[in-house]
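These numbers were taken from a predicted model, which means no experiment stands behind them. Keep in mind that the numbers below use all heavy atoms, side chains included, and drop hydrogens, waters and symmetry copies. Below, chains carry the letters A, B, ... as their sequence lines are ordered, and counting in each starts from 1.
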Number of protein chains: 2
Amino acid sequence: MRASVSPDIFPPRGHEAKRLSIVDAAAGVFCREGFAGANIDLIAAEAGVSRQTVYNHHGDKEKLFMAVVRDLTDRCNVGIFATIATFPDQPGDLEADLIGFAVRLNQNCICNRDGKFLRKLIQTEGERYPELFAEWREQGPGTTWPAIAARFARLAYGGYLTIDDPDVAARQFLGLVNAELQTTFMLGGTPREDEVVQSATNGVRTFLRAFGKSPALGSVKKHTALANA
Amino acid sequence: MRASVSPDIFPPRGHEAKRLSIVDAAAGVFCREGFAGANIDLIAAEAGVSRQTVYNHHGDKEKLFMAVVRDLTDRCNVGIFATIATFPDQPGDLEADLIGFAVRLNQNCICNRDGKFLRKLIQTEGERYPELFAEWREQGPGTTWPAIAARFARLAYGGYLTIDDPDVAARQFLGLVNAELQTTFMLGGTPREDEVVQSATNGVRTFLRAFGKSPALGSVKKHTALANA
DNA sequence: ACAAATTTAGACACTCTTGTCCAAATCGTC
DNA sequence: GACGATTTGGACAAGAGTGTCTAAATTTGT
């Protein structure tokens, strides 16, 4: 993909910068207006670029759209894996550590600009580009969910949790910590930080009531009046 | 809103039928193509009606869109409340009854045509019509979630569950039983029935591990080796 | 069968958008 | 300072879609 000329110097300088600002602006406009409603003139204006430059770089509205989705998928994946790397493998306070992880996942991967945009584009145009979004499904949930599941499996193996099926547990973990944000997500809004923390806290507590190995290790305190050895 | 003439006979006969078939076709097209991409000619064709009739009935693309959302909201609410009425207040087998309820909720309210369409329209155009979707939020989640929460509160009061906050529990219940369907929902797909049952089963099991009062009553069997009185 | 209301089909003006072309201005590099 | 590549702005053709209008056909109730 490099420039094919003599030395390995890339095409000029601001070239790539423009490409990026175009894709960036396009992401915003496609999300706000939908594919059909998105206006190339508007994208160009928001990117601070002439319309012709948009066509020079991407050729075509459809190709531009694809570039946007690919870019977003890549950037989101980077963020998600960086966050998964902070999963508490050997937790001190399991409850607090899982809450922290859930909040980071939300703030860095789901509620940030890229995450919001990618989600909306998938919801909005997913049916129109089956191949493109099949690709996303593989690269996105297809790789990140197992990665999270593996971390939960490790916690179970380490004796911190009692889990049958780590894949199910991972999906339920995500369902729980986002349970109170669904309506906001649906309308395309961004929850406030305290809402994210609240939802994560409630979700993790319930998660640990279901999967926590023993009250002594983790969280389940006031609720289980069930005496145990 | 009645016809203002002599007897209380409504305008002709097929009038209302046409209105409905227009709104119906419009719902489908708006979902597939988005508001901007939706084509009035296409809507008219799919409704089996001339374009002029569409304008006669609804005046305007925007007004037609609003009519679609209102119609869908109403119909979905009817379905949801009908389903909530089947909530197991005095369960025989709590696990099985809750799974049944979750499956009914999914099949009758979330995965059916109206539910799918309404969800997609909210996700797609929610930001463009703040008042309209504020209205939905009040009439939809604003009334159904508390209704579900009340049923869980009743189960707790009846000694079947141990719940702190019924509202949180209700949201988490929904999050859990849908945990495995998220990706499908996101792409606008319809999960197969066995997927719905699977997700509901796993979700309810986890829910009862967290909130079930005692293993004897419900489900938590093999996992809690914790001996109890 | 009659009269009123509704529906239809087609033409129409108008606006908006996409994508192309081109000459002038600008930028980055040597 | 000069050269080559990139960017710019504006004009342009072609197409598509909205909303209106009209006269003819059809349906509906009596």
Within the 3.5 Å criterion, strictly below it, is a donor on B/Asn178 or B/Gln182 matched to an acceptor on the partner's side chain?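 Not at all, the side chains of B/Asn178 and B/Gln182 share no donor-acceptor pair under 3.5 Å.
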
Pairwise N/O distances under 3.5 Å, protein to nucleotides 13-15 of chain D:
none

Donor-acceptor contacts, no H, no angles, side chain residues 168-175 of chain A, under 3.5 Å, sequence neighbours left out:
{"from": "A/Gln172", "atom 1": "OE1", "to": "B/Thr206", "atom 2": "OG1", "distance (Å)": "2.5"}
{"from": "A/Gln172", "atom 1": "NE2", "to": "B/Asn202", "atom 2": "O", "distance (Å)": "3.0"}
{"from": "A/Gln172", "atom 1": "NE2", "to": "B/Thr206", "atom 2": "OG1", "distance (Å)": "3.2"}

Selection: residues 56-66 of chain A, any non-hydrogen atom under 4.0 Å of DNA chain C: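 Residues of residues 56-66 of chain A under 4.0 Å from DNA chain C: A/Asp60, A/Lys61.
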
To the nearest 10°, let me know how far the axis at one end of the helix from C/dA1-D/dT30 to C/dC30-D/dG1 is tilted from the axis at the other, five pairs an end. 40°

In chain order, what residues pass the ring pair (Phe, Tyr, Trp, His ring centres under 6.0 Å) check against [X], with sequence neighbours excluded?
X: A/Phe185; answer: none
X: B/Phe65; answer: B/Phe30, B/Phe35, B/Tyr129
X: B/Phe211; answer: B/Phe207

So does A/Ala47 get a backbone contact from the side chain of A/Ser21, meaning a donor-acceptor N/O pair under 3.5 Å?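 Flag set: sc A/Ser21 to bb A/Ala47 pair under 3.5 Å.
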
Check for a donor-acceptor pair, side chain of B/Thr124 on one end and backbone N or O of B/Lys120 on the other, with a separation under 3.5 Å. yes

May I have the distance from B/Lys18 (atom NZ) to D/dT28 (atom C1'), rounded to whole angstrom?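 To the nearest whole Å, that distance equals 12 Å.
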
Atom-pair distance (NE2 on B/His15; C1' on D/dT28), nearest Å: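 The distance from NE2 of B/His15 to C1' of D/dT28 comes to 13 Å, rounded to the nearest Å.
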
Can you name the side chain to side chain donor-acceptor pair (under 3.5 Å) partners of B/Thr86, sequence neighbours left out?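 Side chain to side chain donor-acceptor pair (under 3.5 Å) check on B/Thr86 returns B/Arg104.
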
Name all residues meeting the side chain to side chain donor-acceptor pair (under 3.5 Å) criterion together with A/Ser50; count only those two or more places apart in sequence or in a different chain, and write none if there are none. A/Thr53

Step through the shown structure and confirm whether more than 12 heavy atoms of other residues, nucleotides or ligands are within 6.0 Å of [atom1] on [X].
X: A/Glu138; atom1: CD; answer: no
X: B/Glu131; atom1: CD; answer: yes
X: A/Arg75; atom1: CZ; answer: yes

Give, for atom SG of A/Cys76 and atom NZ of A/Lys116, the distance between the pair rounded to the nearest 0.5 Å. 12.5 Å

Residue pairs passing the salt bridge (Lys or Arg N to Asp or Glu O under 4.0 Å) test where at least one lies in residues 26-49 of chain A, sequence neighbours excluded: A/Arg32-A/Glu46, A/Glu33-B/Arg128, A/Asp41-A/Arg51

Those residues of residues 19-43 of chain B lying under 4.0 Å from DNA chain D by at least one heavy atom: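 Within residues 19-43 of chain B, the residues near DNA chain D are B/Ala38, B/Asn39, B/Ile40.
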
Could you write out each protein N or O paired with an N or O of nucleotides 9-15 of chain C at a distance under 3.5 Å?
{"from": "C/dA11", "atom 1": "N6", "to": "B/Arg51", "atom 2": "NH2", "distance (Å)": "2.9"}

Side chains of B/Arg113 and B/Leu118: closer than 4.5 Å at any heavy-atom pair? no

